[in-house]
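Both backbone and side-chain heavy atoms feed into the values below; hydrogens, waters and symmetry mates do not.
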Amino acid sequence: ISTDYVSALSASLLFYEAQRSGKFPDNQRVQWRGDSALTDGSVAGVDLVGGYYDAGDNVKFGFPMAYTITMLAWGVVEYSSQFSANNQLEYALDAIRWGTDYFIKAHPQPNFLYAEVGDGDSDHACWERPEDMMTPRTVYQIDEQHPGSDLAGETAAALAAASIAFADVDDGYSSELVSHAEQLFDFGVTYQGKYSDSIPAAQNYYPSSWYQDELAWAAAWLHRATQKQKYMDYLGNPPGGTGGPRTMFSWDDKYVGVQILAAKYVLEQRVADAGNWAGYKDQLEQYICNCVQRGNNNVQKTQGGLLFFNPWANIQYVASASLALVVYSDYLKAAEQVVSCPAGLVYPDDLTGFAKSQADYILGQNPKGISYMVGYGQYYPQMVHHRGASIVSIKENPAPVKCGQGYAEWYNRNQPNPNKIVGAIVGGPDQNENYNDVRTNYQQNEPATATSAPLVGALAGIA
């Protein structure tokens, strides 16, 4: 059975409409959701309405939201013609803009960024539709006294990448995004520290391991957006180094992305294949070789062929690897180059082919015969761990579902979710192909905006 990448691409963008927070536009396609969190920011006297809920809960975490937007924008930057040919460009840009509009609101002055709305602990104590939410909408920020170079850097990367995506569509908006990105990069470089040290509330959910990767990532995107030498200089001499060979690419670790953008300049002969630039490319190619099973430290695979990085939400790392492979394949092809792996030469088509094998597995070509994307294929998850999807739609029954009532009546109900959250991609099977489609299984059965985002671009690239 051949995989319908275009249908999967279309579905994957629909998921972002189900994750929207705030007031819905007239062209909202996911109709079982309604407006929510319309007073976000009011506790701090600001308007922070909008943005995305990160996963199956109702918190707006800025760090994974920024990564999500960077990944979505990267897909459009590379593959806008494929999005357009398949009538998905408008939806992709809408998904990006829902995030970037929120980041603009969250960045009211140069060295200040709102980092999170809602509190993970109190939110997770309740099982509520976002439309009914009664949990605290606490507002958290980074500033000069409470730095967050990682969050500032990733948000700068998202805005810079988005500015390129919008450059041909809305020049004024594109310029606005760049100016916010430049300020946030400077903020992150000048006031250094980890955002999760400044915001203890984020530590149990999206703790950051370091921030130098995000600053280099921001510099790479800002150079691509502006061509300013200061960003090229930063990338060529990064204070945190070039990252070394990485074992995964994720919302916390951006070095593979940095290395791809740097290697592009090497392949285009815009920089010499020496020093840090050579380091970026060599280290990237070790990761690439290990992903395609031609390296010295190959990524493990399940019996059915899925790359296996982590027992928790593994597909997230498969999706980012797939985008990395598809994009680097195109860069190599343009430069008429190949990768010299320990186990032999690897050609651009080998990378694309491997990425396709991963997408095929996710979309149903696996030992279980299940698609891990809701709404794609014949068999897919029915009980994803997601508050809004698992509780009757407010459009169908507007009676409020209170905090504990949600757990008693909906979370613990052994029935399919009443709302089909089309395009959601769950965490996926364990290393032995075991997967349990139950709502309590958040390790394998919770979708997240960060999981799907890189796969959107990969699907466009192979569609």
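Separating the CG atom in D360 from the CD1 atom in I462 is a distance of 7.0 Å, to the nearest 0.5 Å. From T100, atom OG1 reaches atom CE of M65 across 11.0 Å, with rounding to the nearest 0.5 Å. One distance of note links OG of S12 with CD1 of I362; it measures 11.0 Å at 0.5 Å rounding. Separating the CZ atom in F185 from the CG atom in L215 is a distance of 6.0 Å, to the nearest 0.5 Å. Taking CG of D57 as the reference point, atom OG1 of T135 lies at 10.0 Å (rounded to 0.5 Å). One finds the CZ atom of F15 at 10.0 Å from the CE atom of M373 (value rounded to the nearest 0.5 Å).
A salt bridge is absent between E409 and R129: the closest approach of a Lys/Arg side-chain nitrogen to an acidic carboxylate oxygen does not fall below 4.0 angstrom. A salt bridge links R33 with E131: at least one charged nitrogen is closer than 4.0 Å to a carboxylate oxygen. Residues D170 and R97 are paired through a salt bridge, judged by an N-O separation under 4.0 Å between the basic side chain and the carboxylate. Using a 4.0 Å cut-off between charged side-chain N and carboxylate O, R137 and D40 make a salt bridge.
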Side chain to side chain contact (heavy atoms under 4.5 Å, CB included) between W127 and V401, worked out: CA-CA 8 Å; W127 194 260; V401 177; over 6 Å; no

Test side-chain hydrogen bond (donor to acceptor under 3.5 Å, both in side chains) applied to N436 and N445, step by step: CA-CA 8 Å; N436 199 5; N445 218 26; over 6 Å; no

Test side chain to side chain contact (heavy atoms under 4.5 Å, CB included) applied to F354 and Q293, step by step: CA-CA 10 Å; F354 194 88; Q293 311 294 297; 4.3 Å; yes

Pair S209-D252, side-chain hydrogen bond (donor to acceptor under 3.5 Å, both in side chains): steps then yes or no: CA-CA 7 Å; S209 53; D252 181 40; 2.6 Å; yes

side-chain hydrogen bond (donor to acceptor under 3.5 Å, both in side chains) evaluation trace for Q316 with S250: CA-CA 7 Å; Q316 178 177 154; S250 75; 5.5 Å; no

Verdict with reasoning, L151 to L113, per side chain to side chain contact (heavy atoms under 4.5 Å, CB included): CA-CA 9 Å; L151 177 63; L113 181 67; 3.8 Å; yes

From CA spacing to verdict: side-chain hydrogen bond (donor to acceptor under 3.5 Å, both in side chains), S36, Y53: CA-CA 11 Å; S36 63; Y53 301 122; 2.7 Å; yes

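Here the shortest heavy-atom pairing between G50 and W98 reads C-NE1, 4.3 Å. Heavy atoms only, all atoms of each residue included: G461 and V326 are closest at CA-CG1, 4.0 Å. Here the shortest heavy-atom pairing between A160 and A181 reads N-CB, 3.9 Å. When every heavy atom of A161 is checked against every heavy atom of V77, the shortest pair comes out as O-CG2, 3.6 Å. Residues A158 and A66 share a closest heavy-atom pair of CB-O, 3.5 Å. Minimum heavy-atom separation, K301 to L307: CG-CD2, 4.0 Å.
Between Y411 and H385, the angle of the ring planes goes over 60°, which puts this pair in the perpendicular group of the 30/60° scheme. The aromatic rings of Y317 and F309 sit tilted relative to each other, their planes meeting at an angle between 30° and 60°.
Using a 4.5 Å heavy-atom cutoff, the side chains of H386 and P447 are in contact. Between Y361 and Q358, every side-chain heavy-atom pair lies at or beyond the 4.5 Å cut-off. Contact check for W217 versus L261: side-chain heavy atoms found under the 4.5 Å cut-off. Annotation: side chain of Y79 is not in contact with side chain of L459 (no heavy-atom distance under 4.5 Å). At a threshold of 4.5 Å between non-hydrogen side-chain atoms, the residues T155 and H107 do not count as touching. Using a 4.5 Å cut-off on side-chain heavy atoms (C-beta onward), V318 and S322 make contact. Side-chain contact between D330 and P348 is absent, with no heavy atoms from C-beta onward closer than 4.5 Å. For the pair V327 and Y331, the minimum side-chain heavy-atom distance is below 4.5 Å.
At least one donor-acceptor pair under 3.5 Å links the side chain of N314 to the backbone N or O of N310. A distance-only check finds no donor-acceptor pair linking the side chain of R439 to the backbone of M383 [under 3.5 Å]. The closest donor-acceptor contact from the side chain of Q382 to the backbone of Y380 lies under 3.5 Å. Between the side chain of D253 and the backbone N or O of Y255, at least one donor-acceptor pair lies under 3.5 Å. Between the side chain of N417 and the backbone N or O of V384 there is at least one donor-acceptor pair closer than 3.5 Å. Not one N or O on the side chain of E154 forms a donor-acceptor pair closer than 3.5 Å with the backbone of A152. In this structure a side-chain-to-backbone donor-acceptor pair under 3.5 Å is present from Q31 to Q28. Distance alone, capped at 3.5 Å, is enough to place a donor-acceptor pair between the Y52 side chain and the A95 backbone. Judged by distance alone, the side chain of Q286 and the main-chain N or O of N297 form no donor-acceptor pair under 3.5 Å. The backbone N or O of V6 sits less than 3.5 Å from a side-chain atom of D4, completing a donor-acceptor pair.
Residue K402 qualifies as open at atom NZ: its count of foreign heavy atoms under 6.0 Å is 12 or below. Dense packing is recorded around CD of Q431, with more than 12 heavy atoms of other residues, nucleotides or ligands lying under 6.0 Å away. Heavy-atom contacts from other residues, nucleotides or ligands closer than 6.0 Å to NZ of K395 number more than 12. Within 6.0 Å of CD in Q203 there are more than 12 heavy atoms belonging to other residues, nucleotides or ligands. For CG of N434, the number of neighbouring non-hydrogen atoms (other residues, nucleotides, ligands) closer than 6.0 Å is greater than 12. Enclosure of atom CG in N414 is not indicated, since only 12 or fewer non-hydrogen atoms of other residues, nucleotides or ligands lie within 6.0 angstrom.
The ring of Y435 has its center closer than 6.0 angstrom to the ring center of Y372.
Partner of Y206 under the ring pair (Phe, Tyr, Trp, His ring centres under 6.0 Å) criterion, out of Y140, Y67, W251: W251 alone. Results of the side-chain contact (heavy atoms from CB on, under 4.5 Å) test with V49 over T39, L38, D35, D101 single out L38 as the only residue that passes.
For C289, the disulfide (SG to SG under 2.5 Å) partners are C341, not counting sequence neighbours. In terms of the side-chain contact (heavy atoms from CB on, under 4.5 Å) criterion, residue partners of A448 (sequence neighbours excluded) are, by chain and number, A55, T451.
R29 forms a cation-pi arrangement with Y91, by the criterion of a distance under 6.0 Å to the ring centre and an angle within 45° of the ring axis.
Using modelled atom types and a 3.5 Å distance limit, the side chains of D119 and T138 yield no donor-acceptor pair.
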